[in-house]
Amino acid sequence: MPLTYTIIPVHNLVYVRYWGFAQLSDTLKVFGDYAADPAFRPDQKHLIDLSEITDFERSFVDLVSAQAAKADAILQSQAPTMMVYLAPTQVAQAMARSILKSWDGLDVTVGRTAQDMDEALSMLGLPARSFADLPFRNA
């Protein structure tokens with residue numbers, strides 16, 4: 001499965017990394033694992049790294065359905081969930097646009113797209129400027 005997540009509690013952040021071909025079934029499986037993780041919090045910010053995807057499943061109907069399933073967990077938060085998509089390539093940008101469009105009209109997320117790590121971390125309000133600065137060892 002070309003998808004993983006890491007919760008970084010000190011920053012109230014979940015880091016999600018995709019690589020290869022991104023499929024909705026993998027996303028739903030990993031999101032279910034994340035939502036069941038003892039460190040899950042509905043108000044966690046999301047940093048979704050799409051920098052290594054080669055392509056993605058392009059079914060908007062299925063994507064909207066998947067987002068509805070994810071919304072149940074996210075709606076537990078008092079405020080919209082901040083989601084920043086690191087999308088430095090054209091394919092990654094296309095995937096990020098599709099995802100952001102699937103949330104249109106809903107107030108459950110605030111989605112942004114960044115082209116580099118510095119921009120992504122800044123959008124999330126984090127002092128780190130690279131992945132190396134994030135405390136993955138403590139997650």
Side-chain angles (χ1 to χ4, degrees):
M1 182 176 325
L3 168 63
T4 190
Y5 77 92
T6 302
I7 296 173
I8 306 172
V10 69
H11 290 302
N12 197 34
L13 177 75
V14 59
Y15 168 65
V16 180
R17 184 173 74 91
Y18 285 83
W19 64 92
F21 185 81
Q23 294 183 329
L24 290 168
S25 60
D26 292 339
T27 297
L28 285 174
K29 163 74 172 90
V30 170
F31 188 84
D33 294 346
Y34 161 62
D37 191 301
F40 166 81
R41 301 290 177 267
D43 64 339
Q44 286 170 331
K45 297 175 267 189
H46 295 229
L47 174 55
I48 301 98
D49 183 354
L50 306 176
S51 61
E52 295 180 43
I53 66 163
T54 55
D55 208 350
F56 62 98
E57 188 174 347
R58 298 171 193 265
S59 171
F60 192 70
V61 172
D62 291 340
L63 176 59
V64 171
S65 177
Q67 300 298 57
K70 290 168 57 176
D72 287 339
I74 292 171
L75 282 172
Q76 297 173 38
S77 177
Q78 298 291 336
T81 299
M82 181 65 167
M83 296 186 173
V84 174
Y85 296 87
L86 177 58
T89 67
Q90 289 182 349
V91 170
Q93 289 167 14
M95 183 173 166
R97 279 192 303 273
S98 293
I99 295 168
L100 292 172
K101 184 175 179 171
S102 74
W103 290 114
D104 275 355
L106 302 174
D107 293 331
V108 297
T109 67
V110 174
R112 301 286 183 262
T113 303
Q115 292 191 358
D116 62 47
M117 181 53 62
D118 184 53
E119 183 181 22
L121 295 170
S122 178
M123 287 176 177
L124 289 163
L126 299 176
R129 288 297 164 243
S130 73
F131 283 128
D133 294 338
L134 293 174
F136 284 108
R137 292 177 299 280
N138 300 327

Under a 4.5 Å cut-off applied to non-hydrogen side-chain atoms, are [X] and [Y] in contact?
| X | Y | value |
| --- | --- | --- |
| His11 | Lys45 | no |
| Met83 | Val16 | no |
| Thr4 | Trp19 | yes |

Look at the side-chain heavy atoms of Ile, Leu, Val, Met, Phe, Trp and Tyr, link any pair under 4.5 Å apart, and say whether Ile99 and Leu28 land in one connected group. no
Joint hydrophobic cluster, Tyr85 plus Phe21, side-chain heavy atoms closer than 4.5 Å: no
Separation of [Y] [atom2] from [X] [atom1] (nearest 0.5 Å):
| X | Y | atom1 | atom2 | result |
| --- | --- | --- | --- | --- |
| Gln93 | Gln115 | CD | CD | 4.5 Å |
| Leu50 | Leu86 | CG | CG | 7.0 Å |
| Leu13 | Ile8 | CG | CD1 | 5.0 Å |
| Asn12 | Asp43 | CG | CG | 4.5 Å |
| Gln44 | Ile7 | CD | CD1 | 5.0 Å |

Run the side-chain contact (heavy atoms from CB on, under 4.5 Å) test on Leu47 and Met117 for me, step by step, so that the C-alpha distance in whole Å, both residues' side-chain angles and the decisive distance to 0.1 Å come before the verdict. CA-CA 10 Å; Leu47 174 55; Met117 181 53 62; 4.3 Å; yes
In terms of relative ring orientation, are His46 and Phe31 parallel, tilted or perpendicular, with 30° and 60° separating the classes? parallel
